[in-house]
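Following: one structure in structure tokens, then a few remarks.
Reckoned from all heavy atoms, side chains included, excluding hydrogens, waters and symmetry mates. All values derive from a computational prediction rather than experimental measurement.
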Amino acid sequence: MLEEVFASIARFAGAGACAKVIVADGVKMREGEDATCKFRSGIVTRDAERKYRHYLRRVKRLTLTPGSVLHGARLMVLEQRHGFAHALRRGICRAVRTPFVLVAQHDRSFVRAADLAAVVDAMAAANALAPLSRKTPSADEPSKIRLNYVGFPTSTTATHARHVLSKYALTIVPFEAPTSGPGDDDAT
């Protein structure tokens with residue numbers, strides 16, 4: 001599955017030559033006769049932990065194998081359980097020195113073309129206009145909004161605004177980041 005995700009990034013997003021970091025979160029061991037795995041929480045039995053370590057050795061081998069879509073990737077294996085957000089933070093803080101990062105979950109493949117160059121250009125343009133500030137700007141002032149995150153649509157995010165409205169009574173106000181097209185002198 002990991003190979004499929006990286007292949008989709010190369011094929012549909014054109015980012016196959018970019019530096020790659022794979023962050024493997026740690027696990028919490030549960031032992032005893034009645035022990036069961038709760039994979040989403042990172043809780044595993046001794047047997048599942050052994051299989052996970054075997055899987056990580058296979059991934060490491062692929063990072064060293066010329067011709068593999070994972071070739072050259074840095075594999076960071078965290079020794080303890082952090083959860084997605086904290087594991088991501090560790091990976092970014094320890095291994096990334098670029099201004100932009102594409103975060104892809106191990107089971108989320110691109111299924112159609114995505115113009116990452118245009119996304120990065122839009123982020124760079126928006127951030128050049130907006131000063132770095134802790135104050136949350138108004139959606140009425142789009143030139144002051146920093147563009148720190150771009151989510152690619154999934155079946156979940158397609159209905160996100162409706163979900164947030166119904167659950168939290170909050171309205172998400174989309175805005176369009178300035179971009180420039182071929183032949184345009186000014187960002188629009």
If you compare all heavy atoms of [X] against all heavy atoms of [Y], which two are closest, and at what distance to 0.1 Å?
X	Y	answer
M1	D107	SD-CB, 3.4 Å
A48	V44	CB-CB, 3.8 Å
F110	F12	O-CD1, 3.2 Å
L75	A24	CD1-CB, 4.3 Å
T45	C37	N-SG, 3.4 Å

Report yes if some heavy atom in the side chain of [X] is under 4.5 Å from a heavy atom in the side chain of [Y]; otherwise report no.
X	Y	result
V119	D115	no
R30	T36	yes
L70	K20	no

How long is the span from the NE2 atom in H163 to the NE2 atom in H160, to the nearest 0.5 Å? 7.0 Å
In Å, rounded to the nearest 0.5 Å, how long is the span from CZ of R74 to CD1 of I22? 11.5 Å
Go through the steps to decide whether L62 and F6 satisfy the test side-chain contact (heavy atoms from CB on, under 4.5 Å), and finish with yes or no. CA-CA 12 Å; L62 289 170; F6 276 89; over 6 Å; no
List, one per line, each side-chain donor-acceptor pair under 3.5 Å for residues 81-104, sequence neighbours excluded.
from : atom 1 : to   : atom 2 : distance (Å)
R81  : NE     : S41  : O      : 3.2
R81  : NH1    : D25  : OD2    : 3.2
R81  : NH2    : R40  : O      : 3.1
H82  : ND1    : Q80  : O      : 2.8
H82  : NE2    : R90  : NE     : 2.6
H82  : NE2    : R90  : NH2    : 3.4
R97  : NH1    : C93  : O      : 3.3
T98  : OG1    : F100 : O      : 2.9

Can you hop from [X] to [Y] via hydrophobic side chains spaced under 4.5 Å?
X	Y	result
L78	V21	yes
L165	L170	no
V23	V77	no

Got a donor-acceptor contact below 3.5 angstrom from the T159 side chain to the R162 backbone? no
Who passes ring-ring contact (aromatic ring centres under 6.0 Å, His included) against Y52, sequence neighbours left out? none
